[in-house]
Number of protein chains: 2
Amino acid sequence: MKIIVTGGAGFLGSRVIRALLAGAGRQDGLPGFDAIVSVDLSPCPVEDPRVASVAGDIADPGFVRQVVGADTAGIYHLAAVLSGGSEADFDLAMRVNLDGTRALLEAARAAGTVPRFVFTSSLAVFGGPMPKVVPESLATMPASTYGAQKAIGELLVNDYSRKGFVDGRVCRLPTISVRPGRPNSAASSFASGIIREPLAGIPADCPVPLDTRMWLSSPGAAVANLVHAMAVEGGRIGPWRTLNLPGLCVTVGEMLASLERVGGSGARALVREAPDRRIMDIVCSWPGAFDTSRAAALGFVGDSDFDSVVRQYRDEFSGVRTA
Amino acid sequence: MKIIVTGGAGFLGSRVIRALLAGAGRQDGLPGFDAIVSVDLSPCPVEDPRVASVAGDIADPGFVRQVVGADTAGIYHLAAVLSGGSEADFDLAMRVNLDGTRALLEAARAAGTVPRFVFTSSLAVFGGPMPKVVPESLATMPASTYGAQKAIGELLVNDYSRKGFVDGRVCRLPTISVRPGRPNSAASSFASGIIREPLAGIPADCPVPLDTRMWLSSPGAAVANLVHAMAVEGGRIGPWRTLNLPGLCVTVGEMLASLERVGGSGARALVREAPDRRIMDIVCSWPGAFDTSRAAALGFVGDSDFDSVVRQYRDEFSGVRTA
Ligand SMILES: NC(=O)c1ccc[n+]([C@@H]2O[C@H](COP(=O)([O-])OP(=O)(O)OC[C@H]3O[C@@H](n4cnc5c(N)ncnc54)[C@H](O)[C@@H]3O)[C@@H](O)[C@H]2O)c1
Ligand SMILES: NC(=O)c1ccc[n+]([C@@H]2O[C@H](COP(=O)([O-])OP(=O)(O)OC[C@H]3O[C@@H](n4cnc5c(N)ncnc54)[C@H](O)[C@@H]3O)[C@@H](O)[C@H]2O)c1
């Protein structure tokens, strides 16, 4: 049996694959598998005999149905056009984020194995007036195309689960910070950039006000939670499959204070305030804190504090970086 | 300029067309139009030189784009596979309720006129744990395929509006009662049947417990509100275009008490309790009351009480019915 990871060449996808390989047979509850198939436009960077990298477009139903077969035990659906890219190219985002998700769900249904189906959603499903702490029962009123399409994906995964076509798990991930590598098309890209670049001695722009509350997760916590999402028994989640995953609520000012404590005042001084309306419009419509008690009761865990997140990043990545 | 009505051959669609014709040029705020085009699988029953009836499938993008042209001032999107039918035929419902809505939104966008776009949603978007009175901010957790697809339609209309492709208005209609004619595939069909049939001397089955709370609107109030939804200025609605329309909160027992007061104890005695798990599963997942203050502030109005609704039905239809 195999586990499919769409977006397996991406940031979270490649890390989930590594975590599955490292823990294979050890994490209680994971469906049995002997192969992992990355499905992505790009080749998967993980080199391991158990990993197959299939290049293709998830918005092509014929291709997707070919990849997902009757030997599919689980699917991670991570491939997506991110928030900034979706706002810039509506049609591409509809094709990948909506048609792609549907093609994958249809292929999973056709497989007939009722595979576990982990879908990564986002706090971008929220918008408009918002309580200080977002409960599970808050309406999704997305203020971005990306958020609208994630909210639609949530509804599809839930209905396909209710019908017994897949065994879905929708993970509303916090914004990931600190993300190594280069800036990307996500509107929240700065949430990593304002830590990552200064730690490497590079100036960084902060496009939102310092009192903007962010809802964050380290890459490590997010990946561990995605592995857990595949492992947890469907019946324990209950009929509604959407979960607000644990995160840290910090303001951008507090993030920069962590940067200063871990990286020094020189690093802090490299961050310049450069308000950007396009990014503010998207990011400031997102909530800053969530009630995650349901996820916690199911065994999902978050980071302890942002200083440790910055320290973890510095120790893992900063050294090897050539700035 | 023209107004398009998908589902124009249907119950609400044909009544909206009649109301538009009756009030043409009189209701303040309606976009100017000199023609109404019904788009439906069936021919539109309204005979009037201003009405064109086009037969076709709204899930066919080529056909839809042909019908929606640069002379489109407004669109009512009412064509749908209803709740019972959607639960019975998932693929048909996906095609009509999801692909059809998308095809229509795309055609409206291509028209370039930013037409007003009235979409009829439903309380079936709600499910799971629910407060006694549903606020605008309640999450949609549909427990039916129909509800999931209506919730997706809401998200699409909102995002197309935010992008400036259409000027959308999403009306979450209460269950319509008393609906004349024959039972249909809606799971809520009984909410009309238990009044309509006994008033005509015909026995009727009641498939849900008598303490089930229903959220109802007479056909007259619903149609008046749909006309108003096209007339109200978009800026007054604000960025989030979904509205809970006014309704009456009554239990099935109270409905039958109204039946008895208006139609006599003989009529009441014709209703038999006949629990039906399939219908209960859908209908009992719906909320029984809503906070509709936002819609009220925008000028939408509801019925005063259920006795008048039954009386209105009896006076208009019961006499002409040949049982
Ligand atoms: N990183 C975050 O902060 C965050 C937060 C919330 C949700 N998410 C979600 O998690 C998922 C993974 O995010 P990420 O940070 O790893 O993003 P990423 O951009 O690193 O990875 C996405 C991958 O999807 C692939 N892809 C895009 N279009 C494709 C197509 N048509 N067919 C096949 N593959 C395609 C890309 O090639 C890329 O490798 C996404 O669904 C994202 O929306 C991420
Ligand atoms: N009546 C209610 O209680 C109620 C409540 C809430 C929402 N709504 C919504 O209001 C709208 C109208 O409801 P109604 O009671 O008039 O339903 P109806 O069944 O009388 O009318 C629906 C019409 O859509 C047409 N149709 C179906 N599939 C089509 C397709 N593929 N292409 C073209 N036309 C197609 C049908 O021929 C029919 O004439 C629907 O969207 C419904 O979901 C109704």
Side-chain angles (χ1 to χ4, degrees), chain A residues 86-91 93-95 97-99 101-102 105-106 109-110 124-131 134-165 170 172 238-242 244 281-282 285 294, chain B residues 86-91 93-95 97-99 101-102 105-106 109-110 124-131 134-165 170 172 238-242 244 281-282 285 294:
Chain A
S86 296
E87 212 50 38
D89 191 338
F90 182 83
D91 296 300
M94 285 292 267
R95 232 178 53 78
N97 297 348
L98 178 42
D99 294 327
T101 299
R102 233 174 116 184
L105 284 167
E106 273 303 301
R109 173 187 176 196
V125 298
F126 297 106
M130 221 145 0
V134 168
E136 295 263 347
S137 60
L138 186 70
T140 57
M141 301 189 186
S144 67
T145 290
Y146 173 76
Q149 292 167 352
K150 287 291 184 187
I152 291 171
E154 293 185 349
L155 287 160
L156 288 174
V157 172
N158 271 287
D159 204 44
Y160 273 71
S161 297
R162 194 185 57 81
K163 294 289 277 187
F165 300 153
V170 175
R172 286 185 183 147
W240 191 250
R241 295 310 183 89
T242 303
N244 296 336
D281 279 351
I282 299 180
S285 75
R294 200 167 137 243
Chain B
S86 296
E87 212 48 39
D89 191 339
F90 181 83
D91 297 298
M94 284 293 266
R95 231 176 55 77
N97 296 349
L98 179 43
D99 294 327
T101 299
R102 237 176 113 182
L105 284 166
E106 272 303 298
R109 173 187 177 196
V125 298
F126 296 106
M130 219 141 8
V134 168
E136 295 262 347
S137 60
L138 186 69
T140 57
M141 301 188 187
S144 67
T145 289
Y146 171 77
Q149 293 167 351
K150 287 291 184 189
I152 290 171
E154 293 185 351
L155 287 159
L156 289 173
V157 172
N158 271 287
D159 204 44
Y160 273 71
S161 297
R162 193 185 58 80
K163 293 291 278 185
F165 300 152
V170 175
R172 285 184 183 148
W240 191 249
R241 295 311 183 89
T242 303
N244 295 336
D281 279 351
I282 298 180
S285 76
R294 197 165 141 245

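To find a chain, count down the sequence lines: A is the first, B the second, and so on, and within it residues start at 1. The figures that follow rest on heavy atoms only: side chains count, while hydrogens, waters and symmetry mates do not.
Looking at A/Pro239, there are no atoms closer than 4.5 Å to chain B (heavy atoms on both sides), in backbone or side chain.
Proximity of A/Met94 to B/Leu156: side-chain heavy atoms (C-beta onward) are separated by under 4.5 Å at one or more points. Side-chain contact between A/Met141 and B/Asn158: absent, with no pair of heavy atoms (C-beta onward) separated by less than 4.5 Å. Put simply, the side chain of A/Pro142 does not reach to within 4.5 Å of the side chain of B/Asp159, judged on heavy atoms.
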Any chance you could lay out the side chain to side chain donor-acceptor pair (under 3.5 Å) test for A/Arg162 and B/Thr145, step after step, and finish with the verdict? CA-CA 9 Å; A/Arg162 194 185 57 81; B/Thr145 289; 3.1 Å; yes
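Heavy-atom pairs under 4.5 Å with chain A were tallied for B/Tyr160, B/Phe90, B/Phe165; the largest tally goes to B/Phe90. By number of non-hydrogen pairs under 4.5 angstrom with chain B, the leading residue of A/Gln149, A/Arg102, A/Met130 is A/Arg102. The candidate with the highest count of non-hydrogen atom pairs below 4.5 Å against chain B, out of A/Ala148, A/Pro131, A/Ser137, A/Gly127, is A/Ser137. Chain B forms more heavy-atom pairs under 4.5 Å with one residue of A/Pro129, A/Ser144, A/Gly128, A/Pro135 than with any other, namely A/Ser144.
Atoms OG1 and CD, from B/Thr140 and A/Glu154 in turn, are 8.5 Å apart once rounded to the nearest 0.5 Å.
A/Glu136 pairs by the side chain to side chain contact (heavy atoms under 4.5 Å, CB included) definition with A/Asn244, A/Arg294, not counting sequence neighbours. Qualifying side chain to side chain contact (heavy atoms under 4.5 Å, CB included) partners for B/Ser161, counting only residues two or more places apart in sequence or in other chains: B/Val157, B/Val166, B/Arg241.
Contact record, B/Ala139 with A/Leu138: CB-O, 3.3 Å, taken as the closest heavy-atom pair.
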